[in-house]
Amino acid sequence: MRPRTAVALLVVLGALLAAVGAVALGDDATLSERWVSDTATDIRANHHAVAAARVDGEGTVYAPVSGAGGTEQCRLVALHAGNGSERWDHGVPPANCTLHAVADPAVADADGDGRAEVFAASTTEDLLGLDAHTGEVEFRERLSAYGYTKPVVADLTGDGRAEIAVVDVRGTVHVYAPDGSLLLERTVGGVVNGEPRAGDFTGDGGTDLAVGTTDGRVVLLDGEGRTVWNRSGLDEPVGWTTSADVDDDGSPEVVVATTKGTVGVLDGATGETRWRRDLGTLAAVHAVGDGDDDGRAEVYAVAADGRLRSLDGETGEGEWTTALTTEETRMTPPPVLGDLDGDGDPDLVATTNDGTVTIVDPATGDVRATYAREERIYTHPTVADTDGDGSDEVYVMYGNGRVVALELDGSARSPF
């Protein structure tokens, strides 16, 4: 259902705040600022999302910060999740400092030594693996172009250990063993902006990799790099990809969003289009899950118009629509799901280009709380329980390179 007029007005007011602020809806929920990082740069369009995790029992946020060319502003920064102070940083050379200097990082213990690594691609055309606690370089492998997307850490080859896969901007897939040896290099063609997704899409027990391209194709590769299917059914540039089991058959489907505004679901086994919906322009997806506890997954999708939609994952039918902002914006990042109040039920965390963070009930579309800054947001938020208290915190990369840490105070659902 749509939120009531009073809630919509509060969202608008939150978006127009002239300074940092938190807005509570009802008596129970407030989105509060924990800290703001000291990582601002001269670039106002940072748009690679942070990673957050507990490492050696301590919460850490890994921020990919872009800066002005020829400067030392570009770096991957590890921030203390409790107060935002810097733990370590890894700089990008000034000659390579630019808007995409460091792509979205991934945190995982790929080599199984009990210590996590943080992996990120860079405009140096390298894939880096750093000790997540100290920042020491453990892994540096050459790519054929700069990497725009988040690396995938998964057992792709079926040998019982994780591999690290990254797709560079030219559509070349590189798969590395944890020791850095190259296991696979395969070009799927086109430009790749959407994060590749790993999973057993065909149901054969192996792990596949789904890659969307800006020439309108989605390609599924098996663990040996062979093409399982190659589909151009959407015929529009793919900007975002995610995956989930939307029909409860035990295998995930591929969910894509295009720059022309289409959201669609492709069958994981065959690549055939299950359904598609036109949302306008610059559609985006990230979160898929059963937000209303009806036993069916929903796709939570946005477009440039600043409206958040809940779509039935199996049919594409709309369940509710909520206006996140009435401001004119360039684009809208996709929302994410997390349990912000520790009640066991998911919450939707949505960001808008005008600088607003909105907490939405995924079952109804009702707004629970908002937070706003006078700075643009160009990427989705990150949620993680970094302090181990049973509820997720929210970390948002703003366009100026600052990371803001937020938490939801109050456990009951909004009465609106």
Side-chain angles (χ1 to χ4, degrees), residues 1-15 23-31 240 242 244 246 255 257 261 263 265 275 277-280 282-327 329 331-341 343-354 356-372 377 380-381 383 392 394 406 408 410-416:
M1 69 179 65
R2 296 178 188 273
R4 297 183 181 179
T5 303
V7 175
L9 290 173
L10 284 172
V11 176
V12 175
L13 290 173
V23 176
L25 297 183
D27 299 326
D28 61 332
T30 302
L31 191 57
W240 296 87
T242 189
V246 300
V255 185
V263 172
V265 168
W275 57 261
R277 285 280 303 274
D278 182 10
L279 304 187
L282 297 180
V285 292
H286 188 85
V288 182
D290 184 7
D292 55 10
D293 197 28
D294 66 350
R296 296 165 64 94
E298 288 80 40
V299 175
Y300 298 100
V302 294
D305 61 4
R307 300 176 74 83
L308 170 60
R309 292 94 166 163
S310 174
L311 308 175
D312 184 287
E314 189 167 3
T315 67
E317 181 181 354
E319 297 186 353
W320 53 255
T321 300
T322 292
L324 298 173
T325 180
T326 59
E327 293 293 296
T329 56
M331 51 80 72
T332 305
V336 299
L337 282 167
D339 184 1
L340 304 188
D341 49 20
D343 66 354
D345 295 323
D347 301 287
L348 266 175
V349 188
T351 54
T352 45
N353 190 223
D354 60 5
T356 304
V357 182
T358 305
I359 309 303
V360 179
D361 187 322
T364 64
D366 292 346
V367 173
R368 297 190 65 195
T370 63
Y371 168 93
I377 302 174
H380 62 79
V383 294
D392 291 330
V394 180
L406 305 168
L408 189 67
S411 60
R413 293 288 179 182
S414 169
F416 291 97

Do you know which two heavy atoms are closest between [X] and [Y], and how far apart they sit?
| X | Y | value |
| --- | --- | --- |
| Ala369 | Ala29 | CB-O, 4.1 Å |
| Ala283 | Val263 | CB-CG2, 3.8 Å |
| Ala244 | Val288 | CB-CG1, 3.4 Å |
| Asp361 | Trp320 | O-CZ2, 3.9 Å |
| Pro333 | Asn353 | CD-N, 4.2 Å |
| Ala372 | Thr356 | CB-OG1, 3.9 Å |

Quiz item: For Val246 and Trp275, what are the C-alpha separation, side-chain angles and deciding distance, and is it a side-chain contact (heavy atoms from CB on, under 4.5 Å)?
Solution: CA-CA 12 Å; Val246 300; Trp275 57 261; 5.5 Å; no

Quiz prompt | Check against side-chain contact (heavy atoms from CB on, under 4.5 Å), Asp339 and Asp347 | solution = CA-CA 6 Å; Asp339 184 1; Asp347 301 287; 4.1 Å; yes

Practice problem: Go through the steps for Leu340 and Arg368 under the test side-chain contact (heavy atoms from CB on, under 4.5 Å), then give the verdict. | Solution: CA-CA 11 Å; Leu340 304 188; Arg368 297 190 65 195; 5.8 Å; no

Is any side-chain heavy atom of [X] less than 4.5 Å from a side-chain heavy atom of [Y]?
| X | Y | answer |
| --- | --- | --- |
| Glu298 | Leu311 | no |
| Ile377 | Val357 | yes |
| Thr321 | Leu308 | no |
| Val299 | Thr242 | no |

Out of curiosity, [X] [atom1] to [Y] [atom2], how far, rounded to the nearest 0.5 Å?
| X | Y | atom1 | atom2 | result |
| --- | --- | --- | --- | --- |
| Asp341 | Leu408 | CG | CG | 6.0 Å |
| Arg296 | Glu317 | CZ | CD | 8.5 Å |
| Leu282 | Trp240 | CG | CH2 | 10.5 Å |
| Ile359 | Leu31 | CD1 | CG | 4.5 Å |

Exercise. State which residues pass side chain to side chain donor-acceptor pair (under 3.5 Å) with Asp278; sequence neighbours excluded, sorted by chain then number.
Key: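 Result, side chain to side chain donor-acceptor pair (under 3.5 Å) vs Asp278: none returned.
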
Exercise. Please step through side-chain contact (heavy atoms from CB on, under 4.5 Å) for the pair Leu348 and Leu337, ending with a clear verdict.
Key: CA-CA 5 Å; Leu348 266 175; Leu337 282 167; 3.7 Å; yes

Quiz item: Within the distance-only criterion (no hydrogens, no angle test), does the side chain of Ser310 pair as donor or acceptor with the backbone N or O of Glu319 below 3.5 angstrom?
Solution: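 Between the backbone of Glu319 and the side chain of Ser310 there is no qualifying donor-acceptor contact (under 3.5 Å).
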
Exercise. Just jot down the side-chain contact (heavy atoms from CB on, under 4.5 Å) partners of Asp305, sequence neighbours excluded, or say none.
Key: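 side-chain contact (heavy atoms from CB on, under 4.5 Å) check on Asp305 returns Ala303, Arg307, Arg309.
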
